[in-house]
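Each remark here refers to the structure printed beneath this line.
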Amino acid sequence: MTNEIRVRIAPSPSGNLHIGTARTALFNYLFALKTGGTFVLRIEDTDAERTKQEYIDNIFDSLKALGLNWDEGPDIGGEYGPYTQSERFDIYPKYAQMLLDKGYAYECWCTNEELEKEKEEAVQNHKAYVYSRKCMNITKEQREQFIKEGRKPSIRFKVEHKELVFNDMVKGELKFDTSLIGDFVIMKSNGTPTYNFAVVIDDMLMKISHIIRGEDHISNTPKQILIYEALGAEVPEFGHLGMILAPDRSKLSKRHGATAVSDFVKEGYLTDALINFVALLGWAPSDSQEIKTVNEIAQDFRINEISSSNSIFEYDKLNWMNGQYIKKMNISKLTDLIIPFLSGYDLSELSREKLEKMVEITREPLTTLKDIQNDVSYFFGFDVPLDEVKELLSSELSKKALDAFLLLAEKWNFENEEILHNDLADLRAGFKEKYGYKPKETMWAIRAAITGRTRGADMVGILMILGKEKTLYRTKKAIELNKKALGV
Ligand code: GLU
């Protein structure tokens, strides 16, 4: 018996990496990290029709982006490879033969039509369908006849009828009546293994010690345990995680929002926030501090403390958490991530320094990176639309504020934050003294003129990013509008 802890994530590449699979991967990864174990990635692509290379690439990229790096896998190899099931097709028949030889399996020559008929009968009799075992004891002659007819057999596992008990790491003791299972196919007539068979052979040969996966697989576990037992192999520990449900308690699906990790990323979610968020689906930190890195979570993580019930995927909470990550992220890194969301703008207008400044002063209210698209339009181009602020800019107050601003700003140094800050403060104070205007009223007029909005980022930052030329140009435009409105 080996004491080495080996866990795996075994996605089927029939779609992009689902957020639920990301959580399963995370819990396996954390378990390995915590115990000094090995985290294996295996691609389960036995279903050739549904498999696509783009999904395999997406699974690799998404897991990497989430920081869930594997120790063994298709791309990096390892002692127990290959790690892609379609490259292991020569392995499975050997073990199927072993089960046939030992009497744990038998050939099934039934045609699809015959099987369909059995199923229909079960429906008519209001019974749960289990295979009739019709082929369990066929004679040599019948077998030869089937071969002559060109039939190809599948191989069925002979299910031993008993009460099967195992201790689930998450759910505790689980009991199954295996007589309800029915002899299931382990090798299809086309020579490919079924999921339940391939998974056991691979987990066994890859020496997987703990299988942590979603509870949607719980009905497969007794079948798999029976195969381990028949092969005389050590049965690994199992832990089944509750499902992730949508806020309306139905299965999380695309109609609720993004479900694939890459879709969340496209929507402007940070992978650090995503991984932190999914960790909290079924697990709670021992302190009340929810914002944690994967390494911090690993310190606190105990598999037997995972909740056995389903978790609700609260998009609102993810939004909140994403906002928190945006607020505290390193500006240069954040800018790199935001750039793809600004494809509608001519970024060459701004130096890298100004771009980072723009991100710094506009990130506060962001929920997703995508949100920035609307918030930064006024940093680009010479003109800004003034429709929203027309009324504000038509007042006597605006006239005075803009005239004074134009006069003073011509002499200001737009490169120095501190001086600019003081100049602006002086202007506000002067207006208060001279006219009694509230400082914020003065600023509204200036902000409206140069951004076309009444609210937004820090003014000093805006002025620095726009620079003198654009600022004066826009101020003049607003003054023209003001003159027209006042009829002067
Ligand atoms: N390939 C299976 C899936 O994607 C997972 C198998 C397992 O974890 O046992 O659902």
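Just so we're clear, the structure is a prediction, and the values are computed from it rather than from any experiment. Both ligands and their constituent atoms are indexed starting at 1 by order of listing.
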Please step through side-chain hydrogen bond (donor to acceptor under 3.5 Å, both in side chains) for the pair T221 and R213, ending with a clear verdict.
CA-CA 10 Å; T221 304; R213 62 186 173 192; 2.9 Å; yes
Roughly how far apart are I244 CD1 and H18 NE2, rounded to 0.5 Å?
7.5 Å
Hey, which residues fall under 4.0 Å of ligand 1 on heavy atoms?
R8, A10, P11, S12, E44, Y195, V199, R213, H217
Tell me whether E107 is salt-bridged to R156, with the criterion being a basic N under 4.0 Å from an acidic carboxylate O.
no
F39: which of Y83, Y29, W70 passes ring-ring contact (aromatic ring centres under 6.0 Å, His included):
Y29
F264 and Y269 aromatic ring geometry - parallel, tilted or perpendicular at 30°/60° bounds:
perpendicular
Using a 4.5 Å cut-off on heavy atoms from C-beta on, say whether the side chain of I462 contacts that of T451.
yes
